[in-house]
Amino acid sequence: MNVLKKLYGDDIPAPVDVHITRWQADPFSLGAYSYTPVNGRAEQREDLAAPVADRVFFAGEATSSDYPATTHGAYLSGLREARRIQRL
Ligand SMILES: Cc1cc2nc3c(=O)[nH]c(=O)nc-3n(C[C@H](O)[C@H](O)[C@H](O)COP(=O)(O)OP(=O)(O)OC[C@H]3O[C@@H](n4cnc5c(N)ncnc54)[C@H](O)[C@@H]3O)c2cc1C
């Protein structure tokens, strides 16, 4: 409301209802998207993307160094892993 009042003035009405998303608690989401924490390293995304014994491969936005937290990052990481498998 403080921000809205700065934008529209003190006379704006109070909200009739409020809905707050809790992505971490939502059983269908269990989270939102990854972020690099304070003191985190960008290279940690490459660590997440590292295959295990050329048998288990990891895609997903969290493994994308260039476009983390995005759908295109997730999509491109899938292509990256498909290419990796193709080269085996
Ligand atoms: C509110 C919100 C707004 C967003 N807005 C944008 C936007 O405007 N533009 C944009 O580019 N991106 C946006 N994003 C980010 C984008 O949605 C994600 O980066 C993208 O969906 C990640 O895709 P993913 O395949 O890596 O992971 P997800 O889409 O999270 O897919 C992971 C899947 O794995 C499943 N799963 C989890 N654990 C298990 C398990 N143990 N066994 C089996 N399956 C499991 C999950 O149910 C899920 O279906 C937004 C995200 C949120 C939450």
Side-chain angles (χ1 to χ4, degrees):
M1 287 305 287
N2 288 338
V3 173
L4 290 174
K5 281 180 181 174
K6 276 187 193 156
L7 286 169
Y8 300 109
D10 288 336
D11 290 340
I12 59 171
V16 293
D17 200 359
V18 175
H19 179 75
I20 301 172
T21 50
R22 305 270 188 217
W23 293 108
Q24 191 68 39
D26 182 326
F28 298 110
S29 304
L30 295 178
Y33 39 71
S34 67
Y35 64 96
T36 306
V38 176
N39 299 324
R41 294 175 301 109
E43 301 78 47
Q44 284 170 313
R45 294 187 185 280
E46 287 160 30
D47 297 343
L48 275 178
V52 175
D54 281 342
R55 285 291 179 274
V56 186
F57 301 87
F58 301 96
E61 61 82 14
T63 71
S64 169
S65 302
D66 293 334
Y67 308 106
T70 65
T71 44
H72 48 289
Y75 172 71
L76 291 171
S77 73
L79 296 182
R80 178 196 67 216
E81 293 311 306
R83 277 194 294 271
R84 204 197 295 269
I85 291 166
Q86 224 172 18
R87 284 197 300 268
L88 289 176

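As the structure lists them, so they are numbered: ligands from 1, and atoms in each ligand from 1.
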Using a 4.0 Å heavy-atom threshold (strictly under), name the region of F28 that reaches ligand 1: side chain, backbone, both or neither.
neither

Verify atom 40 (C) of ligand 1: protein non-hydrogen atom under 4.0 angstrom away:
no

Exercise check, heavy-atom protein proximity under 4.0 Å to atom 19 (O) of ligand 1
yes

Flag atom 16 (C) of ligand 1 as yes if some protein heavy-atom distance to it falls below 4.0 Å, otherwise no.
yes

Interatomic spacing from CD1 in I85 to CZ in F57 - rounded to 0.5 Å:
4.5 Å

Using distance alone, determine whether T71 and ligand 1 share an N or O pair under 3.5 Å.
yes

Just to be sure I read this right, does ligand 1 sit under 4.0 Å from the backbone of A69, its side chain, both, or neither, counting only heavy atoms?
backbone

If you define the side chain from C-beta out and look only at heavy atoms, does anything of L88 sit under 4.5 Å from D54?
yes

Ligand 1 atoms in contact with G60 (distance to a heavy atom under 4.0 Å)
26 (O)

Does the protein put any heavy atom within less than 4.0 Å of atom 7 (C) of ligand 1?
no

Does the side chain of S64 pick up a donor-acceptor pair with the side chain of R80 at under 3.5 Å?
no

Numbered atoms and elements of ligand 1 in range of A74, under 4.0 angstrom, heavy atoms
22 (C), 23 (O), 24 (P), 25 (O), 26 (O)

Looking at every heavy atom in both E81 and F58, which two are closest together, and how far apart are they?
CG-O, 3.2 Å

Close side-chain approach of R41 and D47, heavy atoms under 4.5 Å
yes

Which of the numbered atoms in ligand 1 are below 4.0 angstrom from a heavy atom of E61?
19 (O), 22 (C), 26 (O)

Per-atom filter on ligand 1: closer than 4.0 angstrom to a heavy atom of W23 are 1 (C)

shortest atom 51 (C) of ligand 1-to-protein heavy-atom contact is with Y33 CD2, 3.2 Å

Does the protein put a heavy atom less than 4.0 Å from atom 33 (C) of ligand 1?
no

Quick one: CG on L7 to CG on N2, what's the gap to the nearest 0.5 Å?
11.5 Å

Got a protein heavy atom sitting under 4.0 Å from atom 30 (O) of ligand 1?
no

Beyond-backbone contact of S29 with Q24, side-chain heavy atoms, under 4.5 angstrom
no

Rounded to the nearest 0.5 Å, what separation is found between the CD atom of Q44 and the OG1 atom of T63?
13.5 Å

Can you tell me how far OH of Y33 sits from CD of E61, rounded to the nearest 0.5 angstrom?
9.0 Å

Evaluate the 4.0 Å heavy atom contact test for atom 1 (C) of ligand 1: does a protein atom fall under the cut-off?
yes

Got a protein heavy atom sitting under 4.0 Å from atom 10 (C) of ligand 1?
yes

Does any part of the side chain of K5, heavy atoms only, come nearer than 4.5 Å to the side chain of D10, both counted from C-beta?
yes

